[in-house]
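Structure, as structure tokens:
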Amino acid sequence: MPNKTGLTVVLLALLAAPLPAGADAIGDNNICYSKFATADYEGAIGYCTSAIDSGELSDPDLIAALINRGVAYKSTGKYELAIEDYTRALRIAPKDALLYQNRANALREMGDYDAALEDIQKSIDLDPKSAGAWYVRGAIAEGRGDPNGARKYFMTALSLDPENKVYRDKILGRGSR
């Protein structure tokens with residue numbers, strides 16, 4: 001059995017050992033997600049940026065970091081930066097319906113309804129059972145001044161996710177966006 005000094009030296013050596021490549025980036029990505037999940041959007045942006053800029057993330061982890069940072073940007077009103085992140089992620093995963101949905105929603109927030117409509121249609125084509133995509137489609141119709149079309153799309157969203165209170169409230173006229 002090693003003496004206390006020997007054990008201390010072994011522990012210190014283990015603590016001082018370099019982390020495997022990507023460990024810091026993965027850690028930053030995980031912290032980004034936790035910040036995002038608690039609505040600390042500025043913190044999420046910082047940690048996501050660190051993870052993304054490291055160049056050490058695998059494609060799936062990079063996509064997750066870009067999505068999280070994009071949503072954080074959108075939540076802070078930085079729509080152009082959100083769109084840049086979604087576009088970058090789409091270059092890696094061009095058949096990802098959620099990325100098109102997120103980008104469409106950011107474009108809608110900016111008032112670019114034509115581009116938003118194009119993206120949300122791609123999302124729906126890729127995943128026609130996505131209640132969220134139909135909801136965004138309704139929000140786009142609403143933004144374009146088409147309340148009947150909006151209601152139809154909100155109803156589709158609710159039919160796909162009947163327990164969703166946001167969708168139900170929107171149809172009943174109690175939702176804001």
Side-chain angles (χ1 to χ4, degrees), residues 29-30 32-45 47-48 51-52 57 59-177:
N29 204 16
N30 289 337
C32 164
Y33 177 76
S34 69
K35 297 281 185 188
F36 167 76
T38 60
D40 176 3
Y41 300 121
E42 292 298 336
I45 290 167
Y47 279 101
C48 283
I52 292 163
L57 296 176
D59 282 353
D61 290 328
L62 178 58
I63 291 167
L66 288 165
I67 289 172
N68 288 335
R69 187 173 72 175
V71 173
Y73 278 143
K74 183 182 168 295
S75 297
T76 59
K78 299 172 185 167
Y79 304 115
E80 294 90 356
L81 293 173
I83 291 165
E84 286 176 23
D85 277 353
Y86 300 140
T87 300
R88 182 173 170 192
L90 279 164
R91 285 190 206 108
I92 301 166
K95 300 238 185 253
D96 189 313
L98 181 59
L99 286 169
Y100 282 109
Q101 177 184 323
N102 286 355
R103 192 169 72 176
N105 204 24
L107 288 161
R108 177 192 64 80
E109 289 278 350
M110 289 179 54
D112 189 347
Y113 297 116
D114 292 339
L117 185 58
E118 186 176 318
D119 270 4
I120 204 60
Q121 192 57 55
K122 287 178 188 172
S123 178
I124 291 168
D125 290 345
L126 290 166
D127 184 5
K129 299 225 183 267
S130 169
W134 287 103
Y135 182 83
V136 172
R137 179 66 182 92
I140 292 167
E142 188 174 60
R144 294 182 116 174
D146 178 9
N148 293 330
R151 182 172 173 74
K152 176 179 85 169
Y153 297 123
F154 292 143
M155 292 290 291
T156 302
L158 185 63
S159 73
L160 292 167
D161 186 0
E163 302 302 315
N164 191 302
K165 183 178 177 348
V166 172
Y167 303 164
R168 184 180 324 284
D169 286 351
K170 191 66 170 176
I171 290 167
L172 296 174
R174 297 187 297 225
S176 61
R177 279 200 218 204

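What you see below is based on every heavy atom in this structure, not just the backbone, and it leaves out hydrogens, waters and symmetry mates. Since the model is a prediction, treat every value here as computed from it, not as a measurement.
The nearest pair of heavy atoms linking Ala141 to Ala150 is CB-N, 3.6 Å. Here the closest non-hydrogen pair linking Ala131 and Ala157 is O-CB, 3.3 Å. Scanning all heavy atoms of the two residues, the minimum distance from Ala97 to Leu126 falls at CB-CB, 3.8 Å. Closest non-hydrogen pair, Arg168 versus Glu163, comes out as NH2-CA, 4.1 Å. Scanning both residues, Cys48 and Asn68, for their nearest heavy atoms gives SG-CB, 3.9 Å. Taking all atoms of both residues into account, the shortest heavy-atom contact from Pro147 to Gly145 is CD-O, 3.2 Å.
Listed by chain and number, the residues in a salt bridge (charged side-chain N to carboxylate O under 4.0 Å, His left out) with Asp114 are Arg144 (sequence neighbours excluded). Under the ring-ring contact (aromatic ring centres under 6.0 Å, His included) criterion, Tyr153 pairs with Trp134, sequence neighbours left out.
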Stepwise ring pair (Phe, Tyr, Trp, His ring centres under 6.0 Å) check, Tyr73 with Tyr79: CA-CA 6 Å; Tyr73 278 143; Tyr79 304 115; over 10 Å; no

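With rounding to the nearest 0.5 Å, the separation of CD1 in Ile171 from OG in Ser159 is 8.5 Å. Here the straight-line distance linking atom CD of Glu118 with atom NZ of Lys122 works out to 4.5 Å at 0.5 Å rounding. In this structure, NZ in Lys170 is found 12.5 Å from CG in Asn164, a value given to the nearest 0.5 Å. Put simply, CG on Asp85 and CD1 on Ile63 are 12.0 Å apart, with the number rounded to the nearest 0.5 Å. With rounding to the nearest 0.5 Å, the separation of CD1 in Ile67 from NZ in Lys74 is 14.0 Å.
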Donor-acceptor pairs under 3.5 angstrom involving side-chain atoms of residues 86-95: please list them, not counting sequence neighbours.
from	atom 1	to	atom 2	distance (Å)
Tyr86	OH	Gly70	O	3.3
Tyr86	OH	Val71	N	3.1
Thr87	OG1	Ile83	O	2.8
Thr87	OG1	Arg103	NH1	3.0

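Ile52 places a side-chain heavy atom less than 4.5 Å from the side chain of Leu62. Using a 4.5 Å heavy-atom threshold, the side chains of Lys35 and Glu42 count as separate. You'll find the side chain of Tyr135 stays beyond 4.5 Å of the side chain of Asp161, heavy atoms only. For the pair Arg137 and Leu117, the minimum side-chain heavy-atom distance is below 4.5 Å.
Looking only at atom types and distance, the side chain of Glu109 has no donor-acceptor partner in the side chain of Asn105 under 3.5 Å away. When only modelled atom types and interatomic distance are considered, Arg151 and Asn148 share no side-chain donor-acceptor pair under 3.5 Å.
Under a 3.5 Å cut-off, the side chain of Ser123 and the backbone N or O of Asp119 do not form any donor-acceptor pair.
More than 12 heavy atoms of other residues, nucleotides or ligands lie within 6.0 Å of OH in Tyr113, so this atom counts as buried by the packing criterion. In this structure, Tyr47 places its OH atom where only 12 or fewer heavy-atom neighbours from other residues, nucleotides or ligands lie under 6.0 Å away. No more than 12 heavy atoms of other residues, nucleotides or ligands sit less than 6.0 Å from atom CE of Met155.
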